[in-house]
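Following: one structure in structure tokens, then a few remarks.
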Amino acid sequence: MDLLSQIKQSPNISEYLACKKVVLAYSGGLDTSILLTLLQDLGMQVATVTVDLGQKEYAAQGMEQAKQKALKLGAITADVIEGKEEFVKDYVTPAVKANCLYQGVYPCSTALGRPLIVKYLVEAAHKIGADAIVHGSTGKGNDYLRFEVSVKALAPELKVLAPVRDWQLNRDEEIEYAFVKGISVPVKKGTGYSVDANLWGRSVCGGPIEIEDQEVPEDALDWVKPLLKTPDVAQILTLHFTHGILCGADLDGQKMPLVGAALIEELNRLCGKHGIGIIDHIEDRVIGLKSREYYECPAALVVIAAHADLEKVCLPRELNQLKSMMDQKFAEYAYGALWHSPVMDATNAFMDATQANVIGWVKVKLFKGAAHIIARKAPDGQYQRVRATYGKNSSFDQADSNGFGALYALSTKTARHPHWMADKSGK
Ligand code: ARG
């Protein structure tokens, strides 16, 4: 049976047939190109939206190619949206303030991109009066949840269709269908991997990455140089923050004349060149499935490490402790499809409230796969050298510690020795 007849027998096909006009999140790749034609074969008018969040794979001319390809395949409109600066300002920056690392390691690059893509999809849907938004995510990852929840949060009247999940398409069938329909199938380096990228990171999964007890082959890498090919000379990167926002950088003492998305892209290149940015871990997906995930996130890891370091200088101890718990919650919400939700709004408000004094710089030595923080300075920070010094002119009066020590020991002493009294008068 051919693919289309097979699809017409899928369980929720009536939902699809009820749609007249849809907006498709379109990358230009195989899956979404197939969807573009299949949806038309089912009688729908399809508008595509391709969002540039700095995914190098589709940079500049790639975006235009995606647009032309969509139009050629029959899209009624094919919008290409430049979303990089908005992504940095409204998604990456809050994530930096929150030192966002899911399970302590993953900067949520893919996770942060989805809610912004959905925002543009919803705008397009409203513009053309579409009934539904269609995306190409499977039902095994987290992305379908991010599409679903974000659409429902922004436009509850829109349906969300996930044909790759509903029709359980497989690659061989897709390639055969593409051949029949004359859809060009991109053959690129490292095929066999599923890649999603934006300027906050590149996620690679599938293929050899699934074999958890073997090292990931080098062809999975694109942004990060293998250690043997990294420079033999270290470079010193200074990152500047104001109110927790990355606002500039120097390299080996020279100002880098970049801000926003351009700065992040350059940091990816620079830190990647030094072999920094690989994350290899077994991840807990929202649905409970464990998967081996592989990422290249050079800029994200270095910027977050620097921000977290500076923040420790700038916040009082109790706030540092509370914030590290909140940081973890932020990462869980960002990862867990709750970007456009009240709990995230409240968490962001907390983060903003902590960043007023997070101003200063952090120096990082980039060398052979490591980004070592070697110095930092926060003019409004709470590190007071004159108090902390072990030298003889310390302004800290150690006499203050005497009574405090006795009191601080009281509960432990009492618990360990409940009947002990120095003068026995309490017995
Ligand atoms: N596991 C990551 C996440 O849920 C990345 C998913 C990336 N998708 C891909 N097609 N490689 O955010």
Side-chain angles (χ1 to χ4, degrees), residues 25-35 50-51 53-58 87 91-92 94-95 98 100-118 135-150 162-165 169-171 174 186 188-212 216-217 219-224 277-298 300-301 304 328 330-340 344:
Y26 185 66
S27 73
L30 178 64
D31 277 338
T32 53
S33 296
I34 300 272
L35 295 183
T50 307
V51 185
L53 296 184
Q55 51 276 57
K56 279 200 204 153
E57 278 84 353
Y58 302 112
F87 185 47
Y91 296 76
V92 167
C100 174
L101 292 173
Y102 178 65
Q103 299 197 305
V105 294
Y106 166 44
C108 289
S109 40
T110 293
L112 292 168
R114 300 308 186 196
L116 177 56
I117 293 172
V118 169
H135 65 80
S137 298
T138 69
K140 287 182 88 172
N142 307 305
D143 283 331
Y144 83 96
L145 293 169
R146 296 172 188 144
F147 279 108
E148 188 87 34
V149 179
S150 297
V164 173
R165 176 193 66 195
L169 298 176
N170 72 61
R171 208 174 160 83
E174 286 183 4
K188 45 182 190 215
K189 181 187 148 193
T191 36
Y193 299 110
S194 157
V195 177
D196 175 73
N198 59 46
L199 51 74
W200 206 227
R202 179 172 181 267
S203 314
V204 200
C205 47
I209 292 172
E210 290 166 4
I211 310 167
E212 87 286 8
V216 170
D219 70 352
L221 290 174
D222 189 17
W223 295 9
V224 179
I278 296 176
I279 301 146
D280 175 344
H281 83 141
I282 302 287
E283 187 167 294
D284 283 307
R285 290 189 182 162
V286 178
I287 57 168
L289 196 67
K290 285 191 192 290
S291 66
R292 200 255 193 115
E293 301 278 334
Y294 197 68
Y295 303 100
E296 297 179 282
C297 304
L301 293 189
I304 290 171
Q328 202 179 319
F330 180 102
E332 284 167 19
Y333 303 143
Y335 184 85
L338 297 178
W339 186 269
H340 296 293
M344 193 50 140

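Just so you know, ligand 1 is whichever comes first in the structure, and atom 1 is the first atom listed for that ligand. Side chains are part of it too, since the values below use all heavy atoms of this structure and drop only hydrogens, waters and symmetry mates.
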Problem - Pair Asp196 + Arg114, salt bridge at N-O below 4.0 Å - result: yes
Using modelled atom types only, decide if a donor and an acceptor are shared between the side chain of [X] and the backbone of [Y] within a distance under 3.5 Å.
X: Arg285; Y: Ser291; answer: no
X: Ser194; Y: Gly206; answer: no
X: Ser203; Y: Tyr295; answer: no

Just list the N/O pairs, ligand 1 to protein, that are under 3.5 Å apart, with the distance for each.
from, atom 1, to, atom 2, distance (Å)
ligand 1, 1 (N), Glu283, OE2, 2.9
ligand 1, 1 (N), Glu293, OE1, 3.0
ligand 1, 1 (N), Tyr295, OH, 3.1
ligand 1, 4 (O), Asn142, ND2, 2.7
ligand 1, 4 (O), Arg146, NH1, 3.2
ligand 1, 4 (O), Arg146, NH2, 3.0
ligand 1, 10 (N), Ser194, OG, 2.7
ligand 1, 11 (N), Ser194, O, 3.0
ligand 1, 12 (O), Tyr106, OH, 2.7
ligand 1, 12 (O), Arg146, NH1, 3.0
ligand 1, 12 (O), Arg146, NH2, 3.1

Exercise for the section: Using side chain to side chain contact (heavy atoms under 4.5 Å, CB included) as the criterion, list what pairs up with Val216, not counting sequence neighbours. Expected result: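 Testing Val216 for side chain to side chain contact (heavy atoms under 4.5 Å, CB included), a comparison that skips the adjacent residues, returns Ile209, Ala220, Asp280, Arg292, Tyr294.
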Problem - Working for ring pair (Phe, Tyr, Trp, His ring centres under 6.0 Å), residues Trp200 and Phe87 - result: CA-CA 9 Å; Trp200 206 227; Phe87 185 47; 7.9 Å; no
